[in-house]
Amino acid sequence: MEQMKLMLVDDEERFLATTSKLISRKGYHAVTAASGSEAIEKLMTENIHVVILDVKMPGMDGIETLKAIKSRFPLVEVIMLTGHATVESAVEGLKSGATDYLMKPTDIGELLQKAEEAFAKRKVLEDKIRVAQSRMVQRSAREILRDTEK
Amino acid sequence: MMILVPVIPFVIVLSIGYYYFTTSLETNTISSMKRIVEDHRQMIESFLAERKADLEFILYSYSFDELSDPETLFSVFNQLQMESNAFVDLGIFNEEGIHVNYQGPYRSQLIGKAYGEEDWFKQVIKQGYYISDIFLGYRKVPHFIIAVPREDKAAKWVIRATIDTYMFNELVEKLRIGKTGEAYILNSEGLLQTERRSGGDLMEKDSERVLGATPHEGIKTFIQKDREGEAYLYATTWLKDKKWLLVVRQEKEDAFRALRSATYLIVLIIVIGGAVITAVAFYTTNRIVRRMEQMDTEKDQLGQQLIRASRLAELGEMAAGFAHEINNPLQIMKSEQSLMAAILSDLKSKGELREGEDLAEFQDSMDQIELQIDRCAKITQAILKFGRQGESVSRDVDLSIFIPEVTSMIEKKASVHGIALREDIAEEIPPVHGDPGQLQQVLLNLLNNAIDAIIDAHGSEGGELMVQARADENGKVVISVKDNGVGISPENLKKIFTPFFTTKPVGKGTGLGLSVCYGIIDSMGGVMAVSSEKGEGTTFTIRLPAAA
């Protein structure tokens, strides 16, 4: 069973530090990124399953980062973390491919629960991909016959 | 002063009408008077002319000798009396004025008398005929005479007849116009030749000075006052053959009676009409003024509402920004607290911390921090809800189903506190358009507030809570929530929709409930209002446009 790997993206350094410590204590592995661009860099080098992404950040903001992640790493699940209690920003995030959203201040338990759900979803997806890929490899008898006739 | 403006044309119209009416009436009255005088004159003149013609007929039918014979004169006189009973007697005079023959009641006294030097005899010889004024003569009875002369080869003589003044008097006096109209004749000296009905005997001097200095032509009309100050309308004319003035007169008031009643009527109309115009003007003005005042009040209220709405919107924006900024540090605090709690429980499970009073207090403190962070979070959430209404899912809401659904949520709570919950929802109520979730939030908020207020006032007995919904005459839907709770003081009532305003104890209410409700109703195009009486209860009223 593969271990869920999380990444926290927020401009608040202290939040990252404390929350990653907490996550580690709960037995998960967490990577942190202080900006959108740093998050993209880390995604390239590390295999990360779920990203917790703050909506409001200086520079590349949450929605931009989300779009960049989704275009380059479509399998990565993203959960938006918003300071706005408004559904608007969350809805925009969901439309752009986010799996779920959390409202600040969020509880660590809630955060991990949603992350687990996202991870489970990703695993389902990965399984399907694996099945599809194996079908491609194991070609059917008819295909083999057709190929030999040529 | 302005009240006079509508009265002016009214008075002008009446005045013009009055002027033309009086003028035409006066003209009419005067011309009818003239006509009467003219007719009367002709009648009198023809009477006199006929009598003269009677005498001339005798003169030319008989010779002087024949008429000197008493037998003949008797039969002639009888015939004459058959012709007209105006004749009293008949006399024949010779050239010298000797009364040679006479037929009448005074035969013995008059026969043989000499009239040669009498004025009338001289006139008859000179003029060819004579009509006397009324005089007493030998007989001391008022009478007048007509005398005509004749001359032939044999002799020159005069026939003279006495005319009954009574008959003549009747002829003139019988004229009647209105109540006071009368006719009489004056001679050239102003002596009455006929009796005057209003007083004045024959031969008396006329009490009124109507006789002009010189005889005038045609008909003269004028108004003159008598000695008692009564004004008379006169029409006078001189007879053609005789220096007699025919006078027709009528009291002015009588002649112009119609004028007087018209005057009364016009004065009455002016008074009543003026009063009506004034009353209507006052009434109309009052109505206009009231309407304007009402409009001013409505304008003021609208202005106040707008100011309040915009102030609330600004407050909402500010509060939302503030809440958002607070959420970030809150997040960190929450994470720190969670970490501390995690570390603490780790240390405890490893046995590195000894259980004791201090540790328990520490734990309690940690819990308290968590509690307070959650409280802060609740406040910021509420603020954000108030500030931005977010995306709502609107649909038509049938209140006759919706309101009972909402009230059923608080039914239990109400019955626990002994509150009689009543609903009065009009059957034909039109649906409203809005987010049912938000509308539910508003109603629940109002109902919960009402229950709190009732509990404060009545404890758990005697509470009344009423939810009403109906359509008003402007097509708006009116929902009201009425309680008999503690009520709201006027100063609090002013601030009731202001964010963070609460009368609840610290930590019990955020002071955002009603401002959020206000914002929701506002976003639905409605208005929320409140009226309250301290100690009596409170009514919240929501006015929403009916769904199109």
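Here is the naming used below: chain letters follow the sequence lines, and residue numbers restart at 1 for every chain.
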Next on the checklist: Tell me whether the count of non-hydrogen atoms from other residues, nucleotides or ligands lying under 6.0 Å of CD in B:Glu357 goes above 12.
Outcome noted: no
Item to check | Inter- and intrachain pairs under side-chain hydrogen bond (donor to acceptor under 3.5 Å, both in side chains), touching residues 57-67 of chain A, at least two apart | outcome: none
Checklist entry - What option among B:Ser338, B:Ala323, B:Ala377 has the most heavy-atom pairs under 4.5 Å with chain A? => result B:Ser338
Next on the checklist: Report which part of A:Leu81 has an atom under 4.5 Å of a heavy atom belonging to chain B: side chain, backbone, both, or neither.
Outcome noted: side chain
Next on the checklist: Please identify which of these residues, A:Lys56, A:Lys104, A:Met103, meets the side chain to side chain contact (heavy atoms under 4.5 Å, CB included) condition with B:Asn327.
Outcome noted: A:Lys104
Next on the checklist: Which one wins on heavy-atom pair count under 4.5 Å against chain A: B:Ile373, B:Asp346, B:Ile326, B:Leu339?
Outcome noted: B:Leu339
Checklist entry - Any residues in residues 330-337 of chain B near chain A, with a heavy-atom distance under 4.5 Å, and which are they? => result B:Leu330, B:Gln331, B:Ile332, B:Lys334, B:Ser335, B:Glu336
Item to check | Which portion of B:Ile343 sits near chain A, non-hydrogen atoms under 4.5 angstrom | outcome: both
Next on the checklist: How about NZ on B:Lys378, more than 12 heavy atoms from neighbouring residues, nucleotides or ligands closer than 6.0 Å, or not?
Outcome noted: no
Checklist entry - chain B heavy atoms under 4.5 Å from A:Asp107: which part of the residue, side chain, backbone, both or neither? => result both
Checklist entry - Do any of residues 11-26 of chain A come closer than 4.5 Å to chain B, heavy atom to heavy atom, and if so which ones, in number order? => result A:Glu12, A:Arg14, A:Phe15, A:Thr18, A:Thr19, A:Lys21, A:Leu22, A:Arg25
Next on the checklist: Counting neighbours of CG on B:Asp358 that are heavy atoms of other residues, nucleotides or ligands and sit closer than 6.0 Å, is the number greater than 12?
Outcome noted: no
Checklist outcome for this item: Interatomic distance, CG@A:Asp54 vs CG@B:Asn328, rounded to 0.5 Å, equals 6.0 Å
Checklist outcome for this item: Residues pairing under side-chain hydrogen bond (donor to acceptor under 3.5 Å, both in side chains) where one sits in residues 30-42 of chain A, two or more places apart or in two chains, turn out to be A:Ser35-A:Ser37, A:Glu38-A:Lys42
